[in-house]
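Chain letters run A, B, ... following the sequence lines, proteins first, then strands; residues in each count from 1.
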There are 2 protein chains.
Amino acid sequence: MRLTQQRTALLQLINSSDRHWDAEQIAASLSREGHKIGIATIYRGLQALEQAALITAIQIDGRKHYERADKQHHDHLICTACGTIAEFYSPEIESLQLQVAEAHQFSIADHQLTLYGLCRDCRVAKEPIP
Amino acid sequence: MRLTQQRTALLQLINSSDRHWDAEQIAASLSREGHKIGIATIYRGLQALEQAALITAIQIDGRKHYERADKQHHDHLICTACGTIAEFYSPEIESLQLQVAEAHQFSIADHQLTLYGLCRDCRVAKEPIP
DNA sequence: TTATTTGCAAATCCTTTGCACCCAG
DNA sequence: CTGGGTGCAAAGGATTTGCAAATAA
C-alpha cells in the first residue's frame with residue numbers, strides 16, 4: 001500500500017483524535033483544514049488503511065465509522081439520544097464469547113458488541129423534575 | 001397499526017421460518033408464492049411490524065435482516081464463508097453487559113452482539129488434505 | 001366513512017466504479 | 001520510470017418519499 005499525502009492526512013486525522021469518524025465527517029474536517037481530497041479517495045483510502053490495520057472500523061446504523069487502531073480492543077456503548085460513543089472492555093465477556101464459539105465449533109475471526117441506550121447525561125436530562 | 005393483507009403475508013412468511021430475511025429475499029419469496037406486493041410496501045410493512053414488536057431485526061453488513069419475535073432473545077454467529085447465521089444465548093454475557101452498563105451509568109435499551117468467523121462446516125472445508 | 005396503507009416512480013443516501021491523469025517508490 | 005493512487009462524474013444498491021387510488025376498521 002502506498003502512503004500518499006491523502007492517506008497520510010486521513011491517518012493523521014484519525015490518529016490524532018479519540019473519536020469515531022464516518023466518511024462525511026472526515027471529508028468535512030479535512031476540507032475545513034484546507035486539504036483538497038475527493039470523497040472517492042477518502043472511501044478508497046479508508047478501505048486501504050483498514051486493510052493494512054492502520055485504523056479500525058465499526059458499523060453503526062449502516063454506516064462505517066473509523067477510529068485509531070493503536071488502542072486495545074474494545075466494544076461500544078452508543079447513546080441513542082446524543083450519539084455519543086463510549087468504549088468498554090470486558091475480558092470476561094471476551095472469554096465467554098470464545099466459550100460460546102467453541103461450543104458451536106465456530107472459529108471467531110472478529111466480533112462486534114454494541115450496547116444501545118442512554119448515557120449518564122441523557123438519563124439525567126430525562127429525569128422528571130421533582 | 002393496521003394488519004393488512006400485505007402485512008399478514010410478511011408476518012406469515014417470517015413467522016413460519018427460522019431464517020433471517022432481508023427485504024429483497026422477502027420480495028423474491030412472496031412473489032414466488034404469487035403474492036403481489038410492492039417493494040416500498042415491504043419496507044414500510046417491515047418497519048411497522050418491527051415497531052409493533054411482531055418481528056425483530058438485526059443489522060448485518062449494513063442491511064436489516066428480520067426474524068420471528070416469538071423466540072427468546074439471542075445473539076448471532078455469522079459464517080463469513082457461507083453466510084449461515086446461527087444463534088446463541090449466554091445469560092452470563094447478558095448479565096456482564098448489565099454490569100458494564102451500570103459501571104458507566106448507562107441504561108441499556110438494546111444491544112447487538114455478533115461473532116464473525118467460520119462455522120463448523122466451513123472450517124472442515126478449509127482443512128488441509130492430509 | 002375516513003384515516004391508513006398501497007403501488008408506482010422518482011428521489012435520496014451512502015458507497016463504488018470507470019477512466020484519464022498524476023505521483024510515490 | 002511505472003504501477004498504484006487520485007479526482008471527477010456517473011453508476012450502483014438499498015431504502016425512502018410523494019401522491020393519487022385503494023382499503024381496513
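- Interface residues of residues 28-38 of chain A facing DNA chain D, ordered by number: Lys36(A), Ile37(A), Gly38(A); criterion, heavy-atom separation under 4.0 Å.
- Among residues two or more places apart in sequence or in another chain, the side chain to side chain donor-acceptor pair (under 3.5 Å) test is passed with Ser107(A) by none.
- Of the side-chain N and O atoms in Arg7(B), one or more sit less than 4.0 angstrom from OP1 or OP2 of dT5(C).
- Spacing between atom CG of Leu10(B) and atom P of dT5(C) amounts to 13 Å, rounded to whole angstrom units.
- Separating the CG atom of Leu49(B) from the C1' atom of dT6(C) is a distance of 14 Å, rounded to the nearest angstrom.
- Arg19(A) is linked by a side chain to side chain donor-acceptor pair (under 3.5 Å) to Gln25(A), counting only residues two or more places apart in sequence or in another chain.
- Qualifying ring-ring contact (aromatic ring centres under 6.0 Å, His included) partners for His65(A), counting only residues two or more places apart in sequence or in other chains: none.
- Atoms CD (Gln25(B)) and P (dA14(D)) sit 11 Å apart, rounded to a whole Å.
- Contact annotation: Thr4(B) side-chain N/O to dT5(C) OP1/OP2 distance is not under 4.0 Å.
- Distance CG (Leu46(A)) to C1' (dG5(D)): 14 Å, rounded to an integer number of Å.
- Partners of Gln99(B) under the side-chain contact (heavy atoms from CB on, under 4.5 Å) rule, at least two apart in sequence or in another chain, are Ser95(B), Leu96(B).
- For Gln105(B), the side-chain contact (heavy atoms from CB on, under 4.5 Å) partners at least two apart in sequence or on another chain are Arg120(A), Arg123(A).
- Checking side-chain atoms of Gln97(B) against main-chain N and O of Leu115(A) turns up no donor-acceptor pair under 3.5 Å.
- Distance CE (Met1(A)) to P (dA24(C)): 14 Å, rounded to an integer number of Å.
- Of the residues near DNA chain D, Gly45(A) and Arg2(A), the one whose nearest nucleotide (by heavy atom distance) lies more toward the 5' end is Arg2(A).
- For the pair Gln5(A) and dC23(C), the criterion of a side-chain N or O lying under 4.0 Å from OP1 or OP2 is not met.
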Identify each atom pair where a protein N or O and an N or O of nucleotides 9-17 of chain C are less than 3.5 Å apart, giving names and distance.
| unit_1 | atom_1 | unit_2 | atom_2 | d |
| --- | --- | --- | --- | --- |
| dT15(C) | OP2 | Tyr43(A) | OH | 2.4 |
| dT15(C) | O5' | Tyr43(A) | OH | 3.4 |
| dT16(C) | OP1 | Gln47(A) | OE1 | 3.3 |
| dT16(C) | OP2 | Gln47(A) | OE1 | 3.3 |

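- Of the possible donor and acceptor atoms, one in the side chain of Gln112(B) sits under 3.5 Å from a partner among the backbone N and O of Gln59(B).
- In this structure His76(A) satisfies the side chain to side chain donor-acceptor pair (under 3.5 Å) test together with His20(A), Glu67(A), His74(A), sequence neighbours excluded.
- Look at Gln6(A) and you'll find a side-chain N or O under 4.0 angstrom from OP1 or OP2 of dG7(D).
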Using a 3.5 Å cut-off and no angle test, enumerate the donor-acceptor pairs between side-chain atoms of residues 43-52 of chain B and protein atoms at least two apart in sequence or in another chain.
| unit_1 | atom_1 | unit_2 | atom_2 | d |
| --- | --- | --- | --- | --- |
| Glu50(B) | OE1 | Lys64(B) | NZ | 2.9 |

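- An end-to-end axis angle of 50° holds for the helix from dT1(C)-dA25(D) to dG25(C)-dC1(D), taken from five base pairs per end and rounded to 10°.
- A search for side chain to side chain donor-acceptor pair (under 3.5 Å) contacts involving Asp110(A) returns nothing, not counting sequence neighbours.
- Whole-Å rounding puts the Leu3(B) CG to dA25(D) P distance at 7 Å.
- Sorted by first then second residue, the ring-ring contact (aromatic ring centres under 6.0 Å, His included) pairs that include residues 88-119 of chain A, not counting sequence neighbours, are His73(A)-His111(A).
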